Amino acid sequence: MAGRNDPQGNNRDIRDDFRAEIREFLGTRRARVTPEQAGLPLYGGERRRVTGLRREEVALLAGISSEYYTRLERGNATGVSESVIDGIAQALQLDEAERIHLLDLLRGAGTTRPPRRRPAQQRVRSAVQRVLDSMAGTPAFILSGRGDILAANHLGRALFSLVYADPVRPPNNARFVFLSPHASEFFRHWDEVANDTVAMLRAEAGRDLYDRRLTDLIGELSTRSEEFRRRWAAHNVRMHTTGVKLLHHPVVGDLDLPFETFPLPDGPSQFLLTYTAEPASPSQDALNLLASWAATNGDIDRTTLDASQPADSGETPD
């Protein structure tokens, strides 16, 4: 996404960025599918210069000419039909999230309108905040597509108090995952969380390459985190709406928390995230303890950050 924040970019064809994303996305999808996986005979043996599918092999599987597929992979998205997209998705073994991402990129590459920028800051309606507050025994959040925590109830803030300890507002999950020294301990399966975080940011970028706050975040993470840069280059996208998050809270210890996400009608990139625990489980006991602790501590962000430091350590983490 280099150059999208260039002040001189107003004179550029806005479709160029989408074309570049299409080329890189389809190229990485081809590279991961072998002829054997696609059910094709392997010709060329050791003389093959690519580990995955060639363009002509994708075209063959999709039922289109190799010239047409090559033009499409280069970003010429004019008049692409639904059947062609379905054929390419099947040939490249795209899942639903990847297919939607491809559609978003093709739609962007086909537009001639100036980019529509989102408001500088998303807001949460007071009625939605009341819903969060009514879920007293459930950590609950409103997130943006870029991972901003736009709102939370008291238990949610206590659970993610290490994220809130960052003075930057709004607190951001992606920034915490890749830039905080506490993230690898808080998320017990940090690699999985990191992969999911980048995949969701990549999907969000496909919906709007010109969201200034998103491109600023991606630029910051790319500059400061090699782990982020490596994952971003993979062009993976994913829908991550349900699962189990394995956390280690510095005050109450380990929690295994199933989560669910629900899109809100306020926009395609704002959703409700809830965490629950299995009844009568150690995680439920830990949540109950966290609720009691949060009720008796005014500055939960600072207290949690202090609890995460070794008692005899006066050093500041890098």
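These values consider heavy atoms only, across backbone and side chains, with no hydrogens, waters or symmetry-generated copies. All values derive from a computational prediction rather than experimental measurement.
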Charged N-O contact under 4.0 Å between Arg74 and Glu24: no
Any Asp166 side-chain heavy atom under 4.5 Å of Pro171 side chain: no
Working for salt bridge (Lys or Arg N to Asp or Glu O under 4.0 Å), residues Arg19 and Glu73: CA-CA 8 Å; Arg19 289 167 178 160; Glu73 189 172 298; over 6 Å; no
Reported CE-to-OG1 distance for the pair Met200 and Thr261, which is rounded to 0.5 angstrom: 8.5 Å
Residue pair Arg29 / Leu53, side-chain heavy-atom distance below 4.5 Å: no
Closest approach of Tyr164 to Arg169 (non-hydrogen atoms, all atoms of both residues): O-NH2, 2.9 Å
Side-chain touch Phe25/His235, heavy atoms, less than 4.5 angstrom: yes
Check ion pair Glu57-Arg30 (N to O, under 4.0 angstrom): no
Asp86 and Gln90 side chains, donor-acceptor separation under 3.5 Å: no
Basic-acidic side-chain contact under 4.0 Å: Arg99, Asp95: no
Heavy-atom closest contact (Ala151 atom, Leu132 atom, distance): CB-CD1, 3.7 Å
Ionic contact status for Arg238 with Glu192, cut-off 4.0 Å: no
From CG (Leu247) to CG (Asp256), nearest 0.5 Å: 8.5 Å
Arg231-Asn236 side chain donor-acceptor pair, cut-off 3.5 Å: no
Path from Phe18 to Leu103 over hydrophobic side-chain contacts below 4.5 Å: yes
Modelled atom types, side-chain donor and acceptor of Ser81 and Ser83, under 3.5 Å: yes
Heavy-atom side-chain contact between Asp285 and Val252 under 4.5 Å: no
Aromatic contact, Phe176 with Phe160 (centres under 6.0 Å): no
Polar side-chain atom of Ser222 near backbone of Gly219 as donor-acceptor pair, under 3.5 Å: no
Spacing of Met239 atom CE and Ile100 atom CD1 [to the nearest 0.5 Å]: 3.0 Å
Arg224 atom CZ: more than 12 heavy-atom contacts under 6.0 Å: no
Pairwise side-chain contact, Leu72 with Ile88, heavy-atom cut-off 4.5 Å (strictly under): yes
Phe228: partners by ring-ring contact (aromatic ring centres under 6.0 Å, His included), with sequence neighbours left out: Phe178, Trp232
Gap separating the CD atom of Glu67 from the OG atom of Ser65, nearest 0.5 angstrom: 5.0 Å
Shortest non-hydrogen contact from Ala91 toward Ala62: CB-N, 4.1 Å
Expected output: side-chain Ser180 to main-chain His182 donor-acceptor under 3.5 Å: yes
Path from Leu217 to Val168 over hydrophobic side-chain contacts below 4.5 Å: no
Side chains of Leu159 and Leu290 in contact at under 4.5 Å (non-hydrogen atoms): yes
Straight-line distance of Leu273 CG to Ile149 CD1, nearest 0.5 Å: 8.5 Å
Note, Leu246 side chain near Asp254 side chain (heavy atom, < 4.5 Å): no
Shortest non-hydrogen separation from Pro170 to Arg213 and the atoms involved: CD-NH2, 3.4 Å
Under 3.5 Å side-chain donor-acceptor pair for Glu260 and Thr242: yes
Atom of Ile218, atom of Ala205 and distance for their closest heavy-atom approach: CD1-CB, 4.4 Å
Distance under 6.0 Å and angle within 45° of ring axis: Arg55 vs Tyr69: no
Cationic N near anionic O, under 4.0 Å, Asp133 to Arg130: no
Note: Asp148-Arg146 ion pair, threshold 4.0 Å (strictly below): yes
Closest contact, heavy atoms only, Val177 versus Ala194: CG1-CA, 4.0 Å
is_close_aromatic(His240, Phe259), centroid dist under 6.0 Å: yes
His248 side-chain N/O to Phe187 backbone N/O, donor-acceptor pair under 3.5 Å: no
CD on Glu98 to CZ on Arg202, rounded to 0.5 Å: 12.0 Å
